[in-house]
Amino acid sequence: VHPCHADGTCCTGRLTRSGITPQHNTREHPMADIRSNFLGIQSPNPFWLASAPPTDKEINVTRAFEAGWGGVVWKTLGEDPPVVNVNGPRYSTLMSQDRRVIGLNNIELITDRPLHTNLEEIKRVKRNWPDRAMIVSLMVPCVEESWKAIVPLVEDTGADGIELNFGCPHGMSERGMGAAVGQVPEYIQMVTAWCKHYSKLPVIVKLTPNITDVRHPARAAKAGGADAVSLINTINSIMGVDLDRMVMSPSTDGWGSHGGYCGPAVKPIALNMVAEIARDAQTAGLPISGIGGITTWRDAAEYIALGCGTVQVCTAAMVYGFKIVQDMCDGLSNFMDEHGYATLDDFKGQAVPTVKDWKNLNLNHIEKAVINQDACIQCGRCHVVCEDTSHQAITFTKEGGVRKFEINEAECVGCNLCVSICPVPECITMRALEPGEVDVRTGKKVTGEYANWTTHPNNPQRVSAAA
């Protein structure tokens, strides 16, 4: 049976985010097995809700599990007395022109409920849903006694693991917690070691993106004994300014504070940081739970291809509701079937070897843009942007009242800008020149041989090709 639902039913025939009902999956025995085994923590699928408002209470988490989520990271617990949140706007969004949320900012802090209330609910939910992953996020002062006191309390709930919140960029960082710890590798290693000493549970370290090089905190987490890292947490941000009132937004009683930015717009940043950890010699093989802008099954598959064992979702659930996970499960399962992947491990990390430093890219590889005239709608955007901002490589003619745009290969450098901005999918594509062809821009024949910047004659620090 399909592993998305608690009752084993297939995730089909329901309303999607776009309001369109997908076709029923007629396969009686899907080949793909999307079950996850992360640090020995079993879950029916790799989709976990991230530590955030959707995982703050028993009622929310129960609804999430009923919808089909494979696991949750319970909203960050702290010491008593609990924190106090603002009683005004906590969220603000960045919208696309068609009113889709592409970025979300929040200034909410960790849980504002008593510690014992959260612990009782975690224990009850885990007892009722033993097949789902239950990770508990923690944030207490950078004092050994504080961590020594809280981790056994979490263990007693029956939770599967703990996540150390070293990433929250707002509010708590002003108090020496969250990102204030995550930006200091020595603190990361120290606190991680404390938690490994005082707890038998798997320890996941959540990393902040508000740092120059994410590899250093990841290395510190591993040195401290972390079983895995999760990333990214949210990015420092101010969403905008009300120009009529001259007040930043969101604001409370006329004042605001920077918050944490998440959503689809942060996905490229997160993917890069995940890839940096996955390909770093010192952290390669360290399990990763990917976070940042995951809205569809395709987003999740990209994270898994870059080495993630699970993915965590927040913004998509807050925008579309918990049932979005059903589309994610369906899509991932169908993708795996189409490509012959029986399990998640079959394609996990497969894209990592393709991520290289710029200096290693093949400078002898040549591509040119190609416009499909049958698909072209003659909007002219490619011509305008190439003329104004790029290489003047797209010509414009008009014959018999018909506009025509063509590639001038003598000027085309293969930059891919026209492909990126064309409103018609696959109308403009890139063609790689074959060995023996002549690049009319340079007059040189394509050799098919690999050469990079390290040996290029223009590089003052070039190394000998023979070396």
Side-chain angles (χ1 to χ4, degrees), residues 38-39 50-51 73 76 135 137-144 147 161-197 202-237 258 260-262 266-293 303 306-312 349 351-360:
F38 187 72
L39 310 178
S51 170
V73 182
T76 306
I135 311 299
S137 177
L138 298 175
M139 182 194 295
V140 294
C142 205
V143 177
E144 184 173 2
W147 291 96
I162 57 176
E163 183 180 81
L164 312 185
N165 186 344
F166 296 157
C168 185
H170 55 275
M172 304 308 295
S173 58
E174 300 171 14
R175 310 174 195 185
M177 293 179 274
V181 176
Q183 291 168 338
V184 184
E186 293 80 5
Y187 291 171
I188 294 173
Q189 180 175 344
M190 177 178 68
V191 178
T192 303
W194 290 342
C195 292
K196 287 298 295 180
H197 179 72
V203 173
I204 304 169
V205 174
K206 190 170 187 178
L207 303 178
T208 177
N210 302 296
I211 195 165
T212 304
D213 189 340
V214 76
R215 293 175 300 177
H216 296 300
R219 292 168 183 171
K222 183 177 181 180
D227 297 285
V229 292
S230 58
L231 68 155
I232 60 173
N233 208 311
T234 53
I235 301 171
N236 273 330
S237 61
H258 70 83
Y261 186 60
C262 54
V266 312
K267 183 182 121 182
I269 299 169
L271 287 175
N272 172 63
M273 292 189 172
V274 164
E276 287 299 288
I277 294 172
R279 73 189 186 99
D280 179 46
Q282 296 185 44
T283 54
L286 181 66
I288 303 172
S289 184
I291 313 169
Y303 275 90
L306 285 175
C308 294
T310 66
V311 293
Q312 298 184 32
V352 175
T354 69
V355 183
K356 303 291 184 182
D357 290 344
W358 191 95
K359 66 182 180 182
N360 294 318

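Quick note: residue numbers are just sequence positions, from 1.
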Inset, instruction - Show your reasoning for whether side chain to side chain contact (heavy atoms under 4.5 Å, CB included) applies to N272 and E276. - result: CA-CA 6 Å; N272 172 63; E276 287 299 288; 4.0 Å; yes

Legend entry - Backbone of Q282 reached by a side-chain donor or acceptor of K222 within 3.5 Å: yes

Legend entry - Interatomic spacing from OG1 in T310 to CZ in F38 - rounded to 0.5 Å: 4.5 Å

Legend entry - Donor-acceptor pair, side chain of S51 and main chain of T76, under 3.5 angstrom: yes

Inset, instruction - Kindly give the heavy-atom pair with the smallest separation between L306 and A275, and that separation in Å. - result: CD2-CB, 4.2 Å

Inset, instruction - Give the C-alpha distance, both sets of side-chain angles, the deciding distance and a yes or no for side chain to side chain contact (heavy atoms under 4.5 Å, CB included) between L231 and V274. - result: CA-CA 7 Å; L231 68 155; V274 164; 4.0 Å; yes

Inset, instruction - Calculate, to the nearest 0.5 Å, the distance between atoms CD1 and CG belonging to I211 and N233 respectively. - result: 12.5 Å

Legend entry - Closest approach of K356 to N360 (non-hydrogen atoms, all atoms of both residues): CB-CB, 4.2 Å

Inset, instruction - Grab the two heavy atoms, one from P217 and one from P185, that are nearest each other, plus how far apart they are. - result: N-CG, 4.4 Å

Inset, instruction - Verify the distance criterion only: is there a donor paired with an acceptor across the side chains of S230 and E163 at less than 3.5 Å? - result: yes

Legend entry - From SG (C142) to CH2 (W194), nearest 0.5 Å: 5.0 Å

Legend entry - Set of residues satisfying salt bridge (charged side-chain N to carboxylate O under 4.0 Å, His left out) with respect to R219, sequence neighbours excluded: D280

Inset, instruction - Any chance you could measure H216, atom NE2, to Q183, atom CD, to the nearest 0.5 Å? - result: 13.5 Å

Inset, instruction - For W147 and P141, indicate whether the former's side chain and the latter's backbone hold a donor-acceptor pair under 3.5 Å. - result: yes

Inset, instruction - Would you mind reporting whether P209 and M273 have side-chain heavy atoms less than 4.5 Å apart? - result: yes

Inset, instruction - Report yes or no: does D213 contribute a side-chain atom to a donor-acceptor pair with the main-chain N or O of R215 at less than 3.5 Å? - result: yes

Inset, instruction - Determine the minimum heavy-atom distance between G260 and P169, stating which atoms define it. - result: CA-CG, 3.9 Å

Inset, instruction - Measure across N210 and I235 and return the closest heavy-atom pair with its distance rounded to 0.1 Å. - result: OD1-CA, 3.6 Å

Legend entry - Of I288, L39, V73, I162, the residue whose pairing with I204 passes side chain to side chain contact (heavy atoms under 4.5 Å, CB included): L39

Legend entry - Donor-acceptor contact present, side-chain S173 to main-chain A179, <3.5 Å: no

Legend entry - Check: Q312 main-chain N/O paired with Y303 side-chain donor or acceptor under 3.5 Å: no

Inset, instruction - Rounded to the nearest 0.5 Å, what's the gap from NZ on K267 to CD1 on I269? Could you check? - result: 12.5 Å

Legend entry - Gap between atom CG of N165 and atom CG of L207 - 0.5 Å precision: 10.5 Å

Legend entry - Heavy-atom donor-acceptor pair, D227 side chain to V203 backbone, under 3.5 Å: yes

Legend entry - Heavy-atom closest contact (Y261 atom, S237 atom, distance): CB-OG, 3.2 Å

